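Accompanying notes for the structure given below.
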Amino acid sequence: MTELALQASLAGTLAAQAPVIPLLVALSTAILALGTRVYPRAQQGVSLLGAGAYGVAVLFLAVRVTAEGRLVYQVSDWAAPFGITLVADALSVLMLGLAAVVSLAALVYSLEFVDQRDQRLAYHPLYHLMVVGVTGAFLTGDIFNLFVWFEVMLMSSYVLVVFYSGPAQTRAALLYTVLNLLGSAVMLLAIGGLYATIGTLNMADMARRLADPAAFGIDPAPVLGLSAVLLTVFALKAGIVPFQFWVPAAYRAAPAPVTAMLAGVVKKVGIYAIVRLYFMVFAAATVPVSFPGIGGQGFLAFFGPVLFVMAAASIFLGGFGAVWQDDMDGLLAYSSIGQIGFVVLPLAVAATVPDLRALGVAAALVYAVNHGLAKSLLFLVSGAVRTATGTCELPKLGGLSEHDRVLSAAFFVGGLALVGIPPLTGFFGKFLVFDVAGRAGSTLGLAVALGGAILTIAYVTRAWNQAFWGRPTDYVIGASRNGVLVGVTVVLAVSVVALGVGFDPLVGAANAAAEAALDVDAYVEAVDPDRFVPSDTGSGGHGGGGE
Amino acid sequence: MTEFVLALALGTLFAVGTFLVLRRDVVRVVWGVVIISQSANVYLVTVGFGATGAGTAPVLGHGGGAASTVDPLVQALVLTAIVIGFGTTAFALVLTYRVYEEQGTIDMRGLSFLDDDAPPRVGDGETAREVSDD
């Protein structure tokens, strides 16, 4: 009896701690990997087990969140607006799930891909610290902590970008580091300004105060300016035009599994922050906005056109850039800029048209998950091709489909997912983007999406034709094959197909995430029940977000 | 008056930082970044003065003395930012040294781009050695 009670209380404690478990798992793995570095085999084992345990922790959290809605963890039991809060809701869980899948796949890949001696140095601890930063950023409910988690994530990524430490890598890392340091300074300025104007750092508390600015003596105009400054930082992290220039060099310099993480997960942290802050926290505020043709009351009416211009520029710059590239990594890096435009496009529509808000955010999330899986798959294929043949330049490759059918099939699946062929996830992502633009009646939006889709077909076809079809070149004929690398890409390719064929869970998760992201009231109530006031008093039609 | 002086000092710091970031010399760029992040920290401290524009350190009011204190939270934030800045500055300086070691120059325009034909691990052999004289 007592044993049962003990077990029940243990399970209860574990359940209450659910949001913090993924963080602790990743952090302990990083520390253990650092401690075991004199024993390379043990270190690799620890690292692998840690990545698996991280997946289990995220799964556990996902189950709890599905069962109970929002989970709130007040660090050290300091109550909400003053202490640090971790919040896990459907949005965080969806992004964490993506992180868990990509990080596990990329880690297994890197055990084989990264030189054994290099792995011993610092690879595993840094890799897991990057996961810690990503996890923290997805879970935090406090805007200053978002800055801290960004720094945790970036500091490890600086080192991972310069990992091979050749002249070109140091140059790319220098550009990446300097830009992100400037971004951090700007983020600090914006956060300081927001604290000075709003008087709080807790996201729920910010949303509560912004919904009724008069009661708290907040002037919304400076808040709008500061949130615009903050947007540049998130755009920099996500690699959205005009803050994309570091992307190609950094993605080409980093080892393939790290690039898969950067493109698949780290980029999405910027997107997550945009959804969380602009669609939930700042959406509560009202300020008159008037553009030529567009007017409105909310911050989102201002950010809608801004995001649209950024999305359109990303789609075209990334698309044309990719078409011109002569090497596979460069092509994929530019494609990554273009694809992030497809993620931002429905967000822009969602911001402009309140009726489509939930649908637009869900479309963006589906596309983000699709891109996360497909692009990391393609970067891993590119790494495997380079390991096998010694080059990634398209003119030097050819006939890979004869030499390695399995690897080629994996690339084919990833490429088709980018293009958006049914029944892959990419199809549903693209379909939802078109659907959202169509429902909004935005001819311009449809034109941009169509142009981007055509460019995607162009560069994927070009990469396929040049590298995988045709007569095998000398590079390809002499190529060796690495089963582990190919195996990982096959697993990812199968997951892309499986998620596309069984699309319901993904779309369900994305819809739940969009709902969770837009439901300000529920968020505020969960985080800070003592101060929660139902929104029909202050926030007008904006509190619910979903309208 | 204090506000005016602070605003002027902050403006100057940001201007100096921006000027340095735009130089061709990598070391100066790093110094520029350092100055800009420190200006952000100073700015954050000024936030603590709030609307009153006055106040003393919270510790001075400990015995129940001074009533008007600055916001201690921003000072905690600045401390965090300083620690993070310290680490990143060290890394940026090491990176600068590494750039000099590998490329033989710290001129931004002389640095070589990623040349793809090279395998992932690039040797130290031929690198751009265009040392410019300004």
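Everything numeric in this text was worked out from a predicted model, so none of it was measured. Chain naming here is simple, since letters A, B, ... match the order of the sequence lines and numbering starts at 1 in each.
- When all heavy atoms of B:Ala40 and A:Leu189 are compared, the pair lying nearest together is CA-CD2, 3.9 Å.
- With a threshold of 4.5 angstrom between heavy atoms, B:Phe14 approaches chain A through side-chain atoms but not through N, CA, C or O.
- Interface residue A:Ala173: backbone and side-chain heavy atoms are both found under 4.5 Å from chain B.
- If you measure heavy-atom distances from A:Leu175 to chain B, you find no contacts under 4.5 Å at all.
- For the pair B:Leu77 and A:Phe147, the minimum side-chain heavy-atom distance is 4.5 Å or more.
- Neither the backbone nor the side chain of A:Val152 comes within less than 4.5 Å of any heavy atom of chain B.
- Contact annotation: the side chain of A:Tyr158 never approaches that of B:Leu95 to less than 4.5 Å [non-hydrogen atoms, C-beta and beyond].
- The neighbour count for B:Trp31 CH2, taken as heavy atoms of other residues, nucleotides or ligands under 6.0 Å away, does not exceed 12.
- The structure places CD of B:Glu102 at 13.5 Å from CZ of A:Arg171, a figure rounded to the nearest 0.5 Å.
- Within 6.0 Å of the OH atom in A:Tyr334, the count of heavy atoms belonging to other residues, nucleotides or ligands does not exceed 12.
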**OP:** Output, in order, the C-alpha distance, side-chain angles, deciding distance and verdict of side chain to side chain contact (heavy atoms under 4.5 Å, CB included) for B:Leu73 and A:Leu201.
**Re:** CA-CA 10 Å; B:Leu73 180 64; A:Leu201 290 166; 3.8 Å; yes
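- Between A:Leu181 and B:Ala92, the shortest heavy-atom distance links the atoms CD1-CB, 4.3 Å.
- Heavy-atom neighbours of A:Arg462 CZ from other residues, nucleotides or ligands within 6.0 Å: above the threshold of 12.
- There is no contact between B:Val34 and chain A, counting heavy-atom distances below 4.5 Å.
- Between B:Leu44 and A:Gly192, the shortest heavy-atom contact is CD1-CA, 3.2 Å.
- For B:Val78, no part sits under 4.5 Å from any heavy atom of chain A, backbone or side chain.
- Taking the side chain as every heavy atom from C-beta outward, A:Leu188 and B:Tyr43 never approach each other to under 4.5 Å.
- Your options are B:Val99, B:Ile84, B:Val26, B:Val29, and the one with the most heavy-atom pairs under 4.5 Å with chain A is B:Ile84.
- Looking at A:Leu174 and B:Arg98, their side chains never come closer than 4.5 Å, going by heavy atoms from C-beta outward.
- A:Phe144 touches chain B through its side chain: at least one heavy atom from C-beta onward sits under 4.5 Å away, while N, CA, C and O do not.
- Chain B forms more heavy-atom pairs under 4.5 Å with one residue of A:Ala185, A:Gly383, A:Pro255, A:Ser184 than with any other, namely A:Ala185.
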